[in-house]
Amino acid sequence: MPSKLDYQWHLRELMAKRGMYSTTALQPLLAERGINLSTSQVYRLVTEKPERLSMKVLMALLDILGCPMDELIEPVTAAARPRKAAGAELAVDPGVGAFRPKRARISGADS
């Protein structure tokens, strides 16, 4: 079975390398190139990995950052998730240990 592909989004790192530490700094630069995005859209573009991206937005970002596409979008092989056997218990975070809360038991009303 062929491996699944994924990508890493490096917009935030590239912005920081160029001294742009605020997502609002990107909005006017995009507007100069005809891309009008709301503040929340620009924030999500910087802080999250986009699932869909307009080619115009991509080209504007590459122009603003002055970088090739492979610096902004790095293709990687997706980590395969192991299949769980039927009836297998959920893995417990080893760092939680004895601090895991216990399920409450509801008993009859004791007035």
Side-chain angles (χ1 to χ4, degrees):
M1 183 170 144
S3 60
K4 294 190 179 200
L5 294 178
D6 199 8
Y7 63 96
Q8 289 184 345
W9 183 243
H10 298 289
L11 180 56
R12 176 173 261 178
E13 294 88 359
L14 291 172
M15 285 176 61
K17 284 181 184 177
R18 285 148 181 82
M20 295 171 41
Y21 300 104
S22 171
T23 59
T24 56
L26 191 59
Q27 194 170 10
L29 297 173
L30 288 168
E32 288 174 8
R33 290 158 178 84
I35 308 295
N36 296 309
L37 299 176
S38 69
T39 306
S40 62
Q41 288 173 317
V42 173
Y43 177 81
R44 284 193 309 269
L45 185 65
V46 173
T47 60
E48 299 173 10
K49 182 169 85 170
E51 292 298 320
R52 288 179 294 229
L53 187 63
S54 160
M55 291 300 288
K56 289 183 179 186
V57 172
L58 177 61
M59 297 313 293
L61 289 172
L62 295 176
D63 183 47
I64 291 167
L65 298 169
C67 68
M69 193 177 320
D70 60 343
E71 277 187 48
L72 180 61
I73 305 168
E74 177 187 356
V76 294
T77 304
R81 293 185 182 180
R83 292 188 140 193
K84 293 183 182 178
E89 288 194 34
L90 295 174
V92 176
D93 182 9
V96 175
F99 298 110
R100 181 158 294 301
K102 296 190 181 199
R103 184 171 256 178
R105 292 185 153 200
I106 301 174
S107 58
D110 294 327
S111 297

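Note that the structure is a prediction, hence the values are computed from the model and not measured.
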Value for CG (Leu29) from CE (Met20), rounded to nearest 0.5 Å, stands at 5.0 Å
For the residue pair His10 / Glu71, report whether a side-chain donor-acceptor contact shorter than 3.5 Å exists. no
Could you go through the side chain to side chain contact (heavy atoms under 4.5 Å, CB included) check for Thr24 and Val42 one step at a time? CA-CA 7 Å; Thr24 56; Val42 173; over 6 Å; no
State, with a plain yes or no, whether a side-chain heavy atom of Asp63 is found less than 4.5 Å away from one of Arg33. yes
Kindly work out whether a path of hydrophobic side-chain contacts (I/L/V/M/F/W/Y, heavy atoms less than 4.5 Å apart) joins Val57 to Met55. yes
NZ/Lys56: more than 12 non-hydrogen atoms of other groups inside 6.0 Å: no
Apply side chain to side chain contact (heavy atoms under 4.5 Å, CB included) to residues Leu26 and Leu61 and explain how you reach the verdict. CA-CA 9 Å; Leu26 191 59; Leu61 289 172; 4.0 Å; yes
Carefully, step by step, assess Lys49 and Asp6 under the rule side chain to side chain contact (heavy atoms under 4.5 Å, CB included). CA-CA 11 Å; Lys49 182 169 85 170; Asp6 199 8; 3.0 Å; yes
Considering non-hydrogen atoms only, spot the tightest contact between Ala60 and Ile35 and give its length. CB-CG1, 3.9 Å
Could you go step by step and tell me if Ile64 and Leu30 meet the side chain to side chain contact (heavy atoms under 4.5 Å, CB included) rule? CA-CA 8 Å; Ile64 291 167; Leu30 288 168; 3.7 Å; yes
Would you say Val46 ends up clustered with Tyr21 if hydrophobic residues are merged whenever their side chains have heavy atoms under 4.5 Å apart, either directly or through other cluster members? no
Value for CD (Glu74) from CD (Glu13), rounded to nearest 0.5 Å, stands at 10.0 Å
Please report the shortest heavy-atom distance between Leu45 and Leu11, naming the atom on each side. O-CD2, 3.6 Å
Roughly how far, to the nearest 0.5 Å, is OH of Tyr43 from CD of Glu48? 7.5 Å
Leu14 and Cys67: which non-hydrogen atoms are nearest, and at how many Å? CD1-SG, 3.9 Å
Which value, rounded to the nearest 0.5 Å, describes the distance between Ser38 atom OG and Arg44 atom CZ? 6.0 Å
Once rounded to the nearest 0.5 Å, what's the spacing between atom CE of Met69 and atom CG of Leu72? 8.5 Å
